[in-house]
Number of protein chains: 2
Amino acid sequence: MISKLKERTKEVEEVIHELISEERVPELKKPMEHLIKAGGKRIRPALCVLACEAVGGKKKDAVHPAAAIELIHNFSLVHDDIMDNDDLRRGMPTTHKVYGIAFAINGGDGLFAKAFQGIARAKLPPEKKEKVLNLFADAIFDVIEGQAMDMAFEKKEKVTTKDYLEMITRKTGRLIENAVEIGGVCGGATKEQEQALHKYGFAIGRAFQIQDDVMGIAGDPSKTGKAAGNDIREGKKTIIVLHALEHAKDATPLKKALGNKEATKEEIIKAVKFLEDTGSIQHAKDYAMQLSKDAKEAISILPDNEAKGILMDLADFTSTRSC
Amino acid sequence: MISKLKERTKEVEEVIHELISEERVPELKKPMEHLIKAGGKRIRPALCVLACEAVGGKKKDAVHPAAAIELIHNFSLVHDDIMDNDDLRRGMPTTHKVYGIAFAINGGDGLFAKAFQGIARAKLPPEKKEKVLNLFADAIFDVIEGQAMDMAFEKKEKVTTKDYLEMITRKTGRLIENAVEIGGVCGGATKEQEQALHKYGFAIGRAFQIQDDVMGIAGDPSKTGKAAGNDIREGKKTIIVLHALEHAKDATPLKKALGNKEATKEEIIKAVKFLEDTGSIQHAKDYAMQLSKDAKEAISILPDNEAKGILMDLADFTSTRSC
């Protein structure tokens with residue numbers, strides 16, 4: 001699936017490369033391109049291009065906004081890694097570990113600004129561009145707000161599943177959702193098609209993050225690139241953990257390991273086993289699966305074409321992926 | 001002059017307030033509004049509104065872009081203060097000193113995103129909005145690039161006056177320049193008027209920073225809010241310092257204090273005296289004055305009206321201000 005997406009985003013890569021290679025100051029350029037060059041799945045720009053094609057648009061109508069979306073995604077990762085003090089991303093040292101915090105903040109800012117240059121230069125009539133700009137600016141604000149909520153949760157005693165879903169909808173979901181919607185606008189979607197793409201984007205955005213949470217607890221470290229039980233040690237209040245805390249009578253095995261950076265391997269194994277026994281991992285898997293189903297149903301009204309077919313496959317992929 | 005500008009930007013303040021008060025997550029809202037609430041001269045949004053009026057536009061055409069410009073200015077200050085590890089700004093503790101680095105990065109990002117929401121919501125026809133978006137995105141990128149250059153200079157042995165002027169043109173000049181130009185676009189400037197405003201903005205942007213450098217070395221601490229000789233201790237390679245290094249045979253009194261955080265009061269006084277004796281401070285003052293003259297000449301072609309009059313006064317203010 002991922003190689004299929006990369007085929008789709010070849011031109012998008014070219015636009016990203018073009019935007020970044022204009023940069024003449026190496027102290028800014030290097031931190032800007034560090035994470036971009038490390039790769040990534042490029043799911044968001046692929047979704048944008050596919051949504052455009054699915055409603056009858058041409059790929060070229062969506063490549064600039066798609067590039068902008070990927071740049072913003074990378075901006076948010078660079079800054080989040082500083083805020084969360086993470087050392088690794090995409091199997092590489094994070095930007096601030098290589099270039100220091102000051103230049104990583106600056107590099108992230110550079111990616112942010114480049115994203116808007118991407119929108120500004122999109123080959124779209126002004127009316128469409130205005131719509132794209134609105135969707136894009138709103139999505140970015142939500143991503144930033146989601147990060148604030150995520151950081152605030154770490155200090156909060158009580159986080160509910162509702163809080164969690166609100167947070168991931170903004171932090172991860174909204175950019176995916178708006179990537180799809182923006183693609184639709186670029187491709188000239190009808191009102192009905194726009195709504196269908198909106199629903200699709202919302203559902204897979206949420207499914208994508210929930211599956212990420214499943215992988216963070218029960219994933220194969222050799223595929224996810226994360227240590228086993230990583231999210232438990234980090235104390236992440238994911239939908240899985242919240243489900244267990246809300247439903248189990250005695251959550252001691254989980255509480256012993258949750259947020260405990262010194263937790264032993266055995267304690268982690270016991271916590272994961274506990275989450276299995278409470279049905280919390282299965283609950284998350286089922287939920288993600290249902291969202292994939294909702295996503296597919298939403299776009300069933302689109303005309304049948306190759307892009308629609310890939311969007312359908314992508315909906316399944318988001319809730320079944322192992323990396 | 002400053003109170004005159006604030007009269008001009010009342011509606012801009014309202015738009016800024018409106019954009020920020022939408023925010024529902026206090027952990028994001030507080031760092032976002034910390035610096036905004038601390039005040040500031042609001043020169044950039046005033047320039048934007050004045051340029052719009054000077055070419056016959058209505059204030060309301062420019063208030064959203066003007067608000068966006070002020071938000072971006074504040075974003076850059078919040079992030080720069082983290083990168084430069086500064087403790088005070090506008091007489092208050094900097095955002096990261098109050099809320100910590102993580103929430104200050106996030107708050108700066110929030111201001112950045114809000115700025116684009118401001119542009120997205122501007123009450124302008126799509127064609128004008130597109131032009132504004134292009135000018136705005138380019139200006140922001142230059143601001144970020146200027147900060148990268150500024151940080152890189154600290155590690156460089158040799159910085160020339162040309163390098164310095166390139167850096168300040170981007171870091172400080174471009175946003176001022178484009179604020180004026182954007183105002184012109186909002187007000188429906190002719191091609192000739194646009195060029196005049198562009199020249200005016202370029203000149204006062206540069207004059208503004210040079211006068212800032214003069215104040216940083218020879219300013220009155222009770223007015224500038226900076227310790228006397230602050231820029232010398234910080235080792236800033238300003239136009240004044242570079243002029244002295246390039247022209248003096250023996251720059252020992254300067255070199256003893258430059259970049260020496262432990263420099264005594266006496267050493268600072270000697271360094272400032274040295275910069276006076278070499279004519280370097282006067283050189284910077286003369287240069288700023290010439291730029292103010294260029295700025296006024298550039299907009300002499302505009303129709304005579306109140307806004308033009310204030311722009312003329314502002315051109316003088318940038319090179320004579322003491323705060």
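Proteins get letters first, then strands, A, B, ... in listed order; numbering begins at 1 in each. Scope of the values below: all heavy atoms of this structure, side chains included, with no hydrogens, waters or symmetry mates.
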Part of B/K128 within contact of chain A (heavy atom distance under 4.5 Å): neither
Measure the shortest side-chain to side-chain distance between B/R170 and A/V25 over non-hydrogen atoms and say whether it is less than 4.5 angstrom. yes
Nearest heavy-atom neighbours spanning B/A113 and A/F141: CB-CD1, 3.7 Å
With heavy-atom distances below 4.5 Å as the criterion, would you say the side chains of B/F75 and A/D109 are in contact? yes
More than 12 non-hydrogen atoms from neighbouring residues, nucleotides or ligands closer than 6.0 Å to NZ on B/K131, yes or no? no
Can you check whether anything in residues 13-21 of chain A gets within less than 4.5 Å of chain B, heavy-atom wise, and list it by number? none
What residue in A/D138, A/V143, A/I82, A/I119 has the most heavy-atom pairs under 4.5 Å with chain B? A/D138
Scanning both residues in full, the closest heavy-atom pair of B/A148 with A/N106 reads CB-OD1, 3.1 Å
Looking at chain B, which one of A/E127, A/E145, A/E130 has the largest number of heavy-atom pairs inside 4.5 Å, strictly under? A/E145
Drop me the distance from A/I144's CD1 to B/L111's CG, to the nearest 0.5 angstrom. 9.5 Å
Within the side chain of B/N134, is there an N or O that forms a donor-acceptor pair under 3.5 Å with the backbone of A/R121? no
B/F112 vs A/F112 aromatic rings, parallel, tilted or perpendicular, using cut-offs 30° and 60°? parallel
Criterion side-chain contact (heavy atoms from CB on, under 4.5 Å) on B/I105 and A/Q147, from CA distance to verdict: CA-CA 11 Å; B/I105 294 174; A/Q147 169 67 7; over 6 Å; no
Between B/A102 and A/M83, which heavy-atom pair has the shortest distance, and what is it? O-SD, 3.5 Å
Check the surroundings of atom NZ in A/K171: do more than 12 heavy atoms from other residues, nucleotides or ligands lie under 6.0 Å from it? yes
Could you please state which residues from residues 26-38 of chain A sit under 4.5 angstrom from chain B, measuring non-hydrogen atom to non-hydrogen atom, sorted by number, or 'none'? A/E27, A/L28, A/M32
